[in-house]
There are 2 protein chains.
Amino acid sequence: MNAQFKKGVLELCVLSQLALKDQYGYELTEAISQQLTVATGTLYLILRRLKEDSYVDTYLIESSNGPARKYYKLTDKGKTYQTDLKAEWLDFIEKVAILI
Amino acid sequence: MNAQFKKGVLELCVLSQLALKDQYGYELTEAISQQLTVATGTLYLILRRLKEDSYVDTYLIESSNGPARKYYKLTDKGKTYQTDLKAEWLDFIEKVAILI
DNA sequence: CTATCTATGTTGTTTTGCAACATAGTATTT
DNA sequence: AAATACTATGTTGCAAAACAACATAGATAG
């Protein structure tokens, strides 16, 4: 899969998945991997960026079958960002459709 | 406009524009700028890459109002690449649509 | 006790677009 | 003649983001 296509869009995918419900990193990796190939480390980089920019908050929950899970939750700022970024994406692919 | 969204897609836009007809750099810049904001230097970098990879050939034509124009023409390899890349793009945005 | 699955994280590399700058021919205005 | 603007091509340094590879660690099955 063309790695360049994903630039910026993976972030939107993560935000949109978190808009559905709080999820932990590994869970997100599996959800997104059903559609797109993505390196495991990449998701954690995106999540760290999102937290640094206050788009998400995190909380730990114990797991019965492995290490504790770090859940990610959209902040209000994150919800706004997700809405804006999605609109920008839809506008973008429309304009590309005209060109190609 | 989100610069990251463009990664890889600008190349497809250039290839698709050249699939319509041979064009010179400045002409391509104006055509693509009608839909997407793009720095002038960026187009020339893409065109150089495409030539290095033998996706396009070039030829010079004199101009009556300015310097000579370097026209870019898709090679057979370039046509195949354009078709494949377009299919990959359409598949990609479909998968993103499921996630967001 | 070794392998496997779950789970999170770091580091170095590569690709690509952007801003800024450089060059140059032609035409128009001052 | 000089300055400005438009057309046209190109280079350089920088920043963003994904990838591959690696590191860590708890729980469980063989």
> Could you work out which one of C:dT6, C:dC18, C:dG9 sits closest to the side chain of B:Ala3?
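Of the options given, the side chain of B:Ala3 lies nearest C:dC18.
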> What is the distance from CD1 of B:Ile46 to P of D:dG10, rounded to the nearest Å?
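So the two atoms are 14 Å apart, to the nearest Å.
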> With a 4.0 Å limit, can you tell me whether A:Arg49 has a side-chain N or O closer than that to the phosphate oxygens OP1/OP2 of D:dA18?
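Yes, such a contact exists.
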> Contact class for A:Ser63 (heavy atom, under 4.0 Å): base, sugar-phosphate, or nothing?
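The residue A:Ser63 makes sugar-phosphate contact but no base contact.
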> Hey, are A:Gln82 and A:Lys79 close enough side-chain-wise for a donor-acceptor pair under 3.5 Å?
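No, no side-chain donor-acceptor contact under 3.5 Å.
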> Rounded to whole angstrom units, what separation is found between the CG atom of A:Asp53 and the C1' atom of D:dA16?
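About 12 Å, once rounded to whole Å.
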> Which part of the nucleic acid, if any, lies within contact of B:Leu45, taking any heavy atom under 4.0 Å across all strands shown: a base, the sugar-phosphate backbone alone, or nothing?
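The answer is base, as B:Leu45 lies within the cut-off (heavy atoms under 4.0 Å) of a base atom.
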> Name the closest nucleotide to the A:Tyr44 side chain, picking from D:dT9, C:dA7, D:dC19.
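Nearest listed nucleotide: C:dA7.
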> Give the rounded distance in Å between these two atoms: NZ of B:Lys6 and P of C:dG17.
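Interatomic distance, NZ of B:Lys6 to P of C:dG17: 9 Å.
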> Regarding B:Tyr81 and B:Asp53, do their side chains bring together a donor and an acceptor under 3.5 Å, going by distance alone?
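B:Asp53 and B:Tyr81 do not have a side-chain donor-acceptor pair below 3.5 Å.
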> Check the distance between C:dA24's C1' and B:Glu62's CD and give it to me in whole angstrom.
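Those two atoms, CD and C1', are 13 Å apart.
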> From the list D:dT7, C:dT15, C:dC18, which nucleotide is the closest neighbour of the side chain of A:Gln4?
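In terms of side-chain proximity for A:Gln4, the closest of D:dT7, C:dT15, C:dC18 is C:dT15.
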> Nearest-Å distance, CZ (A:Arg48) to C1' (D:dA16)?
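After rounding, the gap between these two atoms is 14 Å.
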> May I ask you to check whether A:Thr58 and A:Lys51 show a side-chain donor-acceptor distance below 3.5 Å?
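The criterion, which ignores hydrogens and geometry beyond distance, is satisfied for A:Lys51 and A:Thr58.
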> Which nucleotide, D:dT7, D:dA25, C:dT8, lies nearest any side-chain atom of A:Pro67?
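Of D:dT7, D:dA25, C:dT8, D:dA25 is nearest to the side chain of A:Pro67.
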> Using heavy atoms to find the nearest nucleotide of DNA chain D for A:Thr40 and A:Lys7 separately, return the residue whose nucleotide is more 5′.
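Between the two, 5'-proximity favours A:Lys7.
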> B:Thr58 near the nucleic acid: base, sugar-phosphate alone, or nothing, with a heavy-atom cut-off under 4.0 Å?
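Nothing, no nucleic acid heavy atom in range.
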> Which heavy atom in A:Tyr72 sits nearest to a heavy atom in A:Tyr24, and how many Å separate them?
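For A:Tyr72 and A:Tyr24, the tightest heavy-atom pair comes out as CD1-CA, 4.4 Å.
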> May I ask you to say what B:Phe5 touches in the nucleic acid, namely base, sugar-phosphate or nothing, with a heavy-atom cut-off under 4.0 Å?
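Here B:Phe5 touches no strand at all.
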> Nearest-Å distance, CD1 (B:Ile61) to P (D:dA8)?
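In whole Å, D:dA8 P lies 13 Å from B:Ile61 CD1.
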> Considering only C:dC18, D:dT9, D:dA18, which nucleotide approaches the side chain of B:Arg69 most closely?
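Between C:dC18, D:dT9, D:dA18, the one nearest the side chain of B:Arg69 would be D:dT9.
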> Taking all heavy atoms of B:Glu11 and all of B:Arg49, pick out the closest pair and write down the distance.
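For B:Glu11 versus B:Arg49, the nearest heavy atoms are OE1-NE, 4.3 Å.
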> Name the residue closer to the 5' end of DNA chain D, choosing between A:Val9 and A:Gly41 according to the nucleotide with the nearest heavy atom.
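Here A:Val9 is the residue nearer the 5' end.
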> Whole Å only: how far is the CG atom of B:Leu60 from the P atom of D:dA8?
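Atom CG in B:Leu60 sits about 13 Å away from atom P in D:dA8.
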> Go through the structure and list residues passing salt bridge (charged side-chain N to carboxylate O under 4.0 Å, His left out) with A:Asp57, not counting sequence neighbours.
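With neighbours one apart ignored, the set is empty.
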> Taking atom P of C:dC5 as reference, at what distance in whole Å does atom CD of A:Glu30 sit?
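After rounding, the reported distance stands at 12 Å.
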> The side chain of B:Leu10 is closest to which nucleotide in this list: C:dC18, C:dG9, C:dA7?
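From the listed options, C:dC18 comes nearest.
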> Please compare A:Tyr24 and B:Ala39 by the position of their nearest nucleotide in DNA chain C and report the one closer to 5'.
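Comparing both residues, the 5'-ward one is A:Tyr24.
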